[in-house]
Undergrad: 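Take this structure, written in structure tokens, and hold onto it; I'll ask about it next.
Ligands are counted one by one from 1 in listed order, and the atoms in each one are counted from 1 as well.
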Amino acid sequence: MKDAGPMMDFDSAVRARRSVRGFRPDPVPQPVLDEVFALAQWAPSNCNVQPWLPHLVSGASLAALGQKMVAASLAGQVPDPDFSADRRFDGVYRERQYDAARQLYGAMGVERNDRPGRDAAYRRNLEFFGAPHAVFLFMPRDFDIREAVDLGIYSQTLMLAMTTRGIGSCAQGALSLYPGIIRDHLGLDESHRLLLGISFGYEDPTVPANAARVGRAPLSEALVDHR
Ligand SMILES: Cc1cc2nc3c(=O)[nH]c(=O)nc-3n(C[C@H](O)[C@H](O)[C@H](O)COP(=O)(O)O)c2cc1C
């Protein structure tokens, strides 16, 4: 990511953040990790309960975890996410989903009817796109959609803190598909429910997927101003 630095202003950071899906192997220095996670702690939450339970996994342990999830996927293990992930989008939402997929697979040179190519691209999710770090965002058991909002706000705060420091990231629902494997790997029990993961590290700009760019609906289609 270019032009990043701690002095990056807020608007620039919001516009510069995008999903990075290919990373260099070098780790983020510990003081920088400490800074971004300390900043994310300042995310607001309902009644300030701070329901996020972030678990950071790096290096060899992360690679081993990725291998377990890829093996499960290749063996046909049916995903069993803690929160349903089988939503189908319709109408404008489906169009946006298609457009994002078109941009991503187009950048990767994967054709729409190339099933093996798409499956392989999907499995890159489970390998964290080669990132040296991933953070898994759990919630305490029994928490639900209202606390999930807080985890979303936490996630964006964290990713923007990374952006200003030149760190690329990708929020991934795909990392929540095999929560049992992740809990086992981390020694957690079912008191932790997994909502999403975020892979992060320094972008490898030579990875084709990183050329993908998606836009947004114009404000006139989004904001309803009742003045
Ligand atoms: C909660 C959440 C889950 C996501 N899950 C995935 C995922 O599993 N795999 C992936 O490649 N991208 C995933 N994304 C990234 C979105 O595709 C991306 O944010 C969206 O297309 C907008 O692109 P941008 O992040 O580059 O602005 C996810 C994003 C969010 C916020």
Undergrad: Rounded to the nearest 0.5 Å, what separation is found between the CH2 atom of Trp42 and the CD1 atom of Ile153?
TA: 16.0 Å
Undergrad: Can you list, by chain and residue number, every protein residue with a non-hydrogen atom closer than 4.0 Å to ligand 1?
TA: Arg17, Arg18, Ser19, Arg21, Asn125, Phe129, Cys170, Ala171, Gln172, Gly173, Ala174, Val214, Arg216
Undergrad: Any ion pair linking Asp204 and Arg21 (charged N to carboxylate O, less than 4.0 Å)?
TA: no
Undergrad: Can you list everything that forms a salt bridge (charged side-chain N to carboxylate O under 4.0 Å, His left out) with Asp26? Sequence neighbours excluded, please.
TA: Arg24
Undergrad: Can Arg193 be said to sit on top of Phe143's aromatic six-ring, NZ or CZ under 6.0 Å from centre and within 45° of the ring axis?
TA: no
Undergrad: Could you grab the distance from atom CE of Met159 to atom CZ of Phe200, nearest 0.5 Å is fine?
TA: 11.5 Å
Undergrad: Just do the ring-ring contact (aromatic ring centres under 6.0 Å, His included) check on Phe136 and His55 with the steps written out, would you?
TA: CA-CA 5 Å; Phe136 297 94; His55 283 247; 8.6 Å; no
